[in-house]
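Written out below as structure tokens is the structure these notes cover.
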Amino acid sequence: MAPNPPSPEEFPTACSEILMEFSDHIMKLGKSMFELLSEGLGLNPSHLNDMDCAEGLSVLGHYYPVCPQPELTIGINKHSDNDFISAFTR
């Protein structure tokens, strides 16, 4: 989604508008978090942002239709995220 976001037409109609808005809010939140992390490390508040830590945003989404027998589901496998900051939303 950043620094070169795809056009909204590349997303499913059901989520394109909210995905673009969500991305804007997450970028603002990320910049604020990097300021707080910098301060917490005893650095100038703009240190991590000046290093372009807030320049990229990847959004990964999965869509699963409603399960007709949810009592039979077992969830997902263990995994790890290979990025700097991860957020999970439902």
Side-chain angles (χ1 to χ4, degrees):
M1 297 301 294
N4 302 311
S7 67
E9 294 81 29
E10 294 183 53
F11 300 109
T13 306
C15 65
S16 64
E17 184 178 328
I18 192 68
L19 186 55
M20 300 303 284
E21 184 179 339
F22 173 79
S23 298
D24 289 341
H25 288 290
I26 291 298
M27 289 296 290
K28 290 175 188 171
L29 175 63
K31 289 180 182 193
S32 296
M33 287 180 62
F34 285 128
E35 288 177 2
L36 293 170
L37 284 170
S38 294
E39 283 187 86
L41 294 169
L43 304 168
N44 182 311
S46 65
H47 184 82
L48 291 173
N49 284 322
D50 290 345
M51 292 175 53
D52 294 334
C53 288
E55 292 303 309
L57 173 63
S58 295
V59 175
L60 174 65
H62 296 282
Y63 171 75
Y64 299 101
V66 175
C67 179
Q69 296 176 302
E71 67 280 358
L72 300 178
T73 60
I74 57 174
I76 61 172
N77 295 332
K78 291 182 179 180
H79 74 284
S80 60
D81 295 323
N82 62 349
D83 47 15
F84 191 69
I85 294 178
S86 293
F88 174 76
T89 62
R90 286 186 178 191

At their closest point, which heavy atom of [X] faces which heavy atom of [Y], and how far apart are they?
X: P8; Y: S16; result: O-CB, 3.4 Å
X: S23; Y: M1; result: OG-CE, 3.2 Å
X: S38; Y: N44; result: CB-O, 3.3 Å
X: A54; Y: M27; result: O-CE, 3.0 Å

Quick one: pull up [atom1] in [X] and [atom2] in [Y] and give me the separation to the nearest 0.5 Å.
X: L43; Y: E35; atom1: CG; atom2: CD; value: 13.0 Å
X: L29; Y: K31; atom1: CG; atom2: NZ; value: 12.0 Å
X: M33; Y: N49; atom1: CE; atom2: CG; value: 11.5 Å
X: I18; Y: F11; atom1: CD1; atom2: CZ; value: 12.5 Å
X: E21; Y: C15; atom1: CD; atom2: SG; value: 13.0 Å

L36, F34: one ILVMFWY side-chain cluster at the under-4.5 Å cut-off? no

Is a donor on one side and an acceptor on the other found under 3.5 Å between the side chain of S32 and the backbone of K28? yes

More than 12 heavy atoms from other groups under 6.0 Å of CD on E39: yes

